[in-house]
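Within every chain, numbering begins at 1; the chains are lettered A, B, ... in the order of the sequence lines, protein sequences first and strands thereafter.
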Amino acid sequence: MEKRKLVTIVTEENIEHLVVADIKRLGAHGYTSVSASGEGSRGTRRGDWDLNKNVRIEVVCDERTAHAIAEHLMKSYYRDYAMIIYFSDVEVLRPEKF
Amino acid sequence: MEKRKLVTIVTEENIEHLVVADIKRLGAHGYTSVSASGEGSRGTRRGDWDLNKNVRIEVVCDERTAHAIAEHLMKSYYRDYAMIIYFSDVEVLRPEKF
Amino acid sequence: MEKRKLVTIVTEENIEHLVVADIKRLGAHGYTSVSASGEGSRGTRRGDWDLNKNVRIEVVCDERTAHAIAEHLMKSYYRDYAMIIYFSDVEVLRPEKF
Amino acid sequence: MVESLLDPVVLFFLAGLVAGVAKSDLRLPESIYDILSIYLLLAIGMKGGIELHESPIAHVIAPALGTISLGVTIPFIAYAIVRRLGKFSRPDAAAIAAHYGSVSAVTFAVVLSFLTQLGVAYEQFVTVLLVLLEIPAIGIGMFIARWRAGTGTLRVRTMMHEVFLGKSMYLLVVGLVVGYVLGPHGAQPVKLVFVDVFRGALAFFLLEMGLVASNRLADLKRVGPFLVAFGVLMPILSAVFGCLIGIITGLSVGGTTVLATLAGSASYIAAPAAMRVAVPQANPTYYITVSLGITFPFNLIVGIPLYYRLALVLHGILG
Amino acid sequence: MVESLLDPVVLFFLAGLVAGVAKSDLRLPESIYDILSIYLLLAIGMKGGIELHESPIAHVIAPALGTISLGVTIPFIAYAIVRRLGKFSRPDAAAIAAHYGSVSAVTFAVVLSFLTQLGVAYEQFVTVLLVLLEIPAIGIGMFIARWRAGTGTLRVRTMMHEVFLGKSMYLLVVGLVVGYVLGPHGAQPVKLVFVDVFRGALAFFLLEMGLVASNRLADLKRVGPFLVAFGVLMPILSAVFGCLIGIITGLSVGGTTVLATLAGSASYIAAPAAMRVAVPQANPTYYITVSLGITFPFNLIVGIPLYYRLALVLHGILG
Amino acid sequence: MVESLLDPVVLFFLAGLVAGVAKSDLRLPESIYDILSIYLLLAIGMKGGIELHESPIAHVIAPALGTISLGVTIPFIAYAIVRRLGKFSRPDAAAIAAHYGSVSAVTFAVVLSFLTQLGVAYEQFVTVLLVLLEIPAIGIGMFIARWRAGTGTLRVRTMMHEVFLGKSMYLLVVGLVVGYVLGPHGAQPVKLVFVDVFRGALAFFLLEMGLVASNRLADLKRVGPFLVAFGVLMPILSAVFGCLIGIITGLSVGGTTVLATLAGSASYIAAPAAMRVAVPQANPTYYITVSLGITFPFNLIVGIPLYYRLALVLHGILG
Ligand SMILES: Nc1ncnc2c1ncn2[C@@H]1O[C@H](COP(=O)(O)O)[C@@H](O)[C@H]1O
Ligand SMILES: Nc1ncnc2c1ncn2[C@@H]1O[C@H](COP(=O)(O)O)[C@@H](O)[C@H]1O
Ligand SMILES: Nc1ncnc2c1ncn2[C@@H]1O[C@H](COP(=O)(O)O)[C@@H](O)[C@H]1O
Ligand code: NA
Ligand code: NA
Ligand code: NA
């Protein structure tokens, strides 16, 4: 089993399409997204209304891509949008896939 | 990048408001929650009906807060509610946030 | 706190019942599942239609069970179904449960 | 019983029940459950409010007081039975008692549909009785739990909050107030959605409830024979009380049938949600299985026609 | 064709198709798809059941046998064409064959709406034919897959389960039985929701299906020219068979049009779900793209009016 | 004001508002919001399209030009007020300006319901005005943001995409086109769902919107007194412009009331979504709180009856 990085992004659903496009452009081979709600420094996002929904996006990729994604998202969205990013270590069975 | 703990809690949706209030009181700066279903020692929770829904709550925080949360939740809910808690290591870019 | 493995599986919702049955048969004591959408080598799965939904399944278990699950799922579904599996390390408070 | 089986609403329930028993992994998406349950509570309240608009308030006083007395009495009786005869723990007994003191709004809707089908009239203020019977029992269940089971973790404010601002109570009351303010004329523009569509939506919902209830049946062996019997006999006992109170407070045969059904029904939305938080030590498998897996189907299929006959007979004797 | 374009149901489908082509990231929430698809299947069944109530059962026998023979024959023909002419793998050919033997309930609903709009009568038991045609083809598809492709992983019991208790079959049958038991009179209280609302809900659903189908169009180049041609010609071939069987078994022009449309339609709910589990080696891009991306829109826009003319002409010659 | 409080639609909104204020954790599932918002936009478009079918196109030209001139002017005025008097940053002022130039389709639906209730006629092409007023303001908001705030990150193509293919614009236009093609006769089969059910569904949606709006009230102190005043006075100012343009371009009292309401309404679906992407530096708390938390309730409860009187009076003086 080989090591990869798992990048988890929680952000506003209305920019999901932008974030996903960025992720793919930066070299990720896939992503998984689920609807979420939550609370952070930008207030409560209960998901009960269009502009109030969060999305939780996960990307399994190599370390280099993980950093590229985080850097780009930070630069592009952190200031203006509700967003958090965190990394963890995962192991995968088909390293060529990620 | 700095290290933090990710606390993941899967429990009954009907106590989500109590658990979230506890989490915030114990010092977490945010949380993310998604609807879930599942199965454990307390039977199948298929999410098809009010009292049958699970919720999966994630908190990124420092180790101390993580332990405080886990201890409190264990003491308050483990005996009577469907609930699991697990911890993992994550890295974050803006440590001051968590 | 004791160490366990967290196995995360993202696959097609229409085989969720098969995968869950396998997981339980192989010794896991529980699982948690959430609806998801995503993109991978098998194209975009937007979740807007029966055969187009993903599910994200999480299992906390011991290392041995984790490997048994991964091996079995790989053998049975990887070729024909959209599926990824990855592992991470987690800590749990009630090791007897997992 | 035969007449109830020809009600579309009951047929759909049976279809769901059979589906669930035949193959437990068929499931409707949770959004259907969510939307229909909210719609039905609002619509039940609204229909009641519109009817209340035309009803002289004075008439409601005696039945209302009678209903409240039912709501206060039944939980204590149920508690005593489950605790003494059934030997269940105090929290379990208290939680079950709250369910049988409270009501099922869907069962209420089905009895109205049943009476309408038979052409039997009932008082226009019955929805008020539904609301009055929902609240006290849950409060009393919490009170018993506190008093007898010493579950001191929950503060009174939180408890009140759970009772009075719980989803189902809130939606019923919103509907009732809006319907009352508008009256039949003012409600005309929304009548199609909140009144005419109602029975079809109820039928659809009961398909889902049949599935949900059938999943509960798997737990029947876990709850044991005492609770199974309780789930059938307690409703009958409560319905007898309901009939008597109905007749004493001057309700018609239709109104008496409704009150008997309310008394005999067990909550499976408001009470479980409140009890889960207020009496965490109580095992939810017990109260959910018995109220949703036994009493709910029993009332729909057997109970309602039975209570109607009971009301007829007792009215003949006492009325 | 012009008449079909003025059917609101078809217009909404086109609107969805255009939206999808113009901008593929517009999407309706999955809850709309889930709720409407369940509602439509129930309502199609129910309408059929209510009509069946009034229909002498004897009349249904010949058409039913004819329909079953279609359901048994078409998959073998489709298999042979895709395998021999198209040179597709055995699992792919078997899976595609199951789709074309089976039916699309929504296409069925659209042909009924089309005939109603034109004022053409059809037999009251056509929904029975829908149910009869849905089942065997999927079973035969599984059988071919097993026999020719040696996909031995799935046990027979699981296969039967997928076929007979799959969501769409189950909902159709529940609706049919409930409608039949109730009949027109008993179904009165739920008629508004299950009958009157139907066409509006169908229109709404087709907006969503247009979006879903348009997303499939992106895969057209992946499936190649053979399957594209197959997606248009196979329905026409099957519809000709359907017409002949309809006339032979004594159906009216309307009923013949319905049977032709059923024969010509390809499943995109039941068959894909069953084939995905039963014949995992088959590439779903092939069968989903061809049935949902090509045949479904073709039938809605061009096929149905065409089959109606065909039925008219053949009835003139043979009837 | 009293008349608006007896509209079921407004009553449900108040019920939601009160629920939200009393207990902010009651929430309806997001699927209700999703489904109803999509349905309402389609139905608003469709009703407009059906009516337009019967309307001589020539009549729409003057009011359409007048409406576009409103759509172009109001954002600049709103920008100047928020920027100069309110001292807000350029991106904030540009984003708020876009909201007040654009429209709220639900407020539009409520004014039509209000006029229908009073029996006041209005021109059949008013939905065209809704569509015309939705687009330019958002474009102009983006333009101001670019020009004054130098937010150069977004490409023009993406901006156009957000404006013209945004969910709400797209659904309105689909409804309008389908309704127009079908006309009253062709739309008959779907009229029940898209026309008759509309007001009930709108009432249900407004319960949800009341809850959502009440959650915005928590942010009132964060936006400060200037924006609170702006949220009440800007709609009145715009409504006066709307009245004048309505009278000048020959609209009836009813049509003038509709145009005044459109001018006075602020977008809370299309504009926030577009501004969030196009002007990320603008603080969404400001524009969402003021448009959804203040202007929306104000218009529903006070504004619409006020604009109607205004239209009556100005028609008396100028008409
Ligand atoms: N400490 C945290 N742990 C987990 N999720 C968080 C945390 N902080 C923020 N979030 C999530 O990230 C979203 C955006 O965060 P923020 O930008 O801080 O408002 C929130 O709505 C939450 O869903
Ligand atoms: N081993 C496990 N792995 C993942 N999720 C689990 C596991 N055990 C329990 N869960 C989740 O936690 C919920 C409560 O667990 P329990 O208290 O064991 O019934 C279940 O409904 C599952 O969603
Ligand atoms: N690199 C990745 N990171 C996160 N999720 C992925 C990744 N690749 C695939 N997935 C998810 O796994 C599903 C199946 O993947 P695949 O078999 O590659 O199509 C996709 O639909 C995604 O939801
Ligand atoms: Na009761
Ligand atoms: Na076919
Ligand atoms: Na405006």
Do you know which two heavy atoms are closest between D/F194 and F/G200, and how far apart they sit? CE1-O, 3.6 Å

Supply the atom-to-atom distance D/K191 NZ to F/R199 CZ, rounded to the nearest 0.5 angstrom. 14.0 Å

How many angstroms lie between atom CD1 of D/I38 and atom CD1 of F/I32, to the nearest 0.5 angstrom? 4.0 Å

Looking at every non-hydrogen atom in both residues, tell me the closest pair between D/Y170 and F/A19 and how far apart they are. OH-CB, 2.5 Å

Drop me the distance from D/L171's CG to F/L207's CG, to the nearest 0.5 angstrom. 7.0 Å

Under 4.5 Å heavy-atom distance to chain D, tell me which part of F/L202 shows up: side chain, backbone, both or neither. neither

Okay, D/V178 and chain F: the region with an atom under 4.5 Å from a heavy atom over there is both

Between F/P8 and D/L182, which heavy-atom pair has the shortest distance, and what is it? CB-CD1, 3.4 Å

Would you call D/V193 and F/F204 a side-chain contact if the rule is heavy atoms closer than 4.5 Å? no

Can you tell me how far apart CG (F/L192) and CG (D/L192) are? Round to the nearest 0.5 Å. 6.0 Å

Taking every non-hydrogen pair under 4.5 Å, which of D/V197, D/L42, D/D196 racks up the most with chain F? D/L42

About how many Å separate OG of D/S31 and CD1 of F/I35, when rounded to the nearest 0.5 Å? 6.0 Å

